[in-house]
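Please read all numbers here as calculations on a predicted model, not as lab measurements.
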There are 2 protein chains.
Amino acid sequence: MGTSLKPAHTDLPAPPRPHPDHADCRGVASVLSRVGDKWSVFVIMNLSDGPKRFNELKRMISSISQRMLTLTLRGLERDGLVTRTIFPTIPPRVDYELTDLGRGLQQPVKALGQWAMDHLMQIEAARRQFDRRNDGD
Amino acid sequence: MGTSLKPAHTDLPAPPRPHPDHADCRGVASVLSRVGDKWSVFVIMNLSDGPKRFNELKRMISSISQRMLTLTLRGLERDGLVTRTIFPTIPPRVDYELTDLGRGLQQPVKALGQWAMDHLMQIEAARRQFDRRNDGD
DNA sequence: CGGAATCCTTCCCGATACTG
DNA sequence: CAGTATCGGGAAGGATTCCG
């Protein structure tokens, strides 16, 4: 059993009440960590323009291992962000497609991605400066 | 040397060109993964209303270890999202405060958090359904 | 083709102890 | 008070092999 399913993203150690009015921070955090997952974001983006097959996705995200692609797709399917459709042809064919929920997620993600793009220079500059100060010591 | 600095978030294994027009996906991904980091988000949120001291933050996020709080704050400082101010009093006092950049990040993060709140039920329902189907097998 | 199972390495992160 | 240093368990994830 190397395939754990229910990836770590979804079940967090549960920080006990950072503040009273956010009793469901855990749930939110589990969604945020999906966004923090590089592979999940890449997959979601590459599914923007219609359904894709497994190996099609694998070619588009060439650096991903098939293990991680499988796990990522299962995670997205579990969260209801992606559908998995099997065509019992031979050879077999499986299509993955964004659900409405998945498409809805794209928008805040793109907003965040846009912010990241807009401030990337600033952040990288800050990193270089920090590292230089710290190497000097 | 157990303290690596330059946390994994910031230097990613570099997926070689998911698609040509996004040469800087890596950079963006490194920012997204900060958002995926539970502790970073908690710290940023808890710094919303003004500067806080180290142990003050530690109390607010009671489940965090002081090691992770230190590492998280260093990461945020390195990215230019947080400033660290030392008052050479005795006993020592250190204040952490969001920069303009950090405050700017809050908005897309809150948007994402809002989306997560709005669709949490839907997602959790999807998870339960998926798990039930899968336990049956 | 689209996976599942196994092995194996890396490194995250919590617990603990010590310091200025 | 605000950290640093060190150790160790466990999870993440790549490479490889086998299957329907």
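The separation between A:Y96 atom OH and C:dG2 atom P is 8 Å, rounded to whole Å. We find that CG of A:L57 is positioned 10 Å from P of C:dG2, with the value rounded to whole Å. If you take CE of A:M68 and P of C:dG3, they are 15 Å apart, rounded to a whole angstrom. What separates CD of A:E56 from C1' of C:dG2 is a distance of 13 Å, to the nearest Å. Summarising the geometry, the separation between CG on B:L69 and P on C:dG14 is reported as 11 Å, rounded to the nearest angstrom. In this structure, the NZ atom of B:K52 is 17 Å from the C1' atom of D:dC1, given to the nearest Å. Spacing between atom CG of A:D37 and atom P of D:dG13 amounts to 7 Å, rounded to whole angstrom units. Between the CG atom of B:L71 and the P atom of D:dA2 there is a distance of 17 Å, given to the nearest Å.
Residues A:L47 and A:E97 fail the side-chain proximity criterion, which asks for heavy atoms closer than 4.5 Å. Considering only heavy atoms from C-beta on, B:Y96 comes within 4.5 Å of B:R84 through its side chain.
In terms of position on DNA chain D, the residue among A:P92 and B:R93 whose nearest nucleotide sits closer to the 5' end is B:R93.
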*Stepwise salt bridge (charged side-chain N to carboxylate O under 4.0 Å, His left out) check, A:R93 with A:D95*: CA-CA 7 Å; A:R93 172 199 177 118; A:D95 274 14; 3.2 Å; yes
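Here B:F87 lies out of heavy-atom contact (under 4.0 Å) with every strand.
Using a 4.0 Å cut-off, some side-chain N or O of B:R74 falls inside it from OP1 or OP2 of D:dT4. Contact check, A:R84 against C:dG3: a side-chain N or O comes under 4.0 Å of OP1 or OP2. Residue A:R53 places at least one side-chain N or O closer than 4.0 Å to OP1 or OP2 of C:dG2.
With a 6.0 Å radius and a threshold of 12 heavy atoms from other residues, nucleotides or ligands, B:E56 has its CD atom above the threshold.
Using modelled atom types and a 3.5 Å distance limit, the side chains of B:S48 and B:Q106 yield a donor-acceptor pair.
Closest to the B:Q66 side chain, of the nucleotides C:dC1, C:dT16, C:dC13, is C:dT16. With D:dG13, C:dG3, D:dG3 as the choices, the nucleotide that has an atom nearest any side-chain atom of A:R67 turns out to be D:dG13. Here the side chain of A:P91 is nearest to one of C:dC13, C:dC1, C:dG2, namely C:dC1. When the nucleotides C:dG14, D:dA2, D:dC1 are ranked by their closest atom to the side chain of B:F54, D:dA2 comes out on top.
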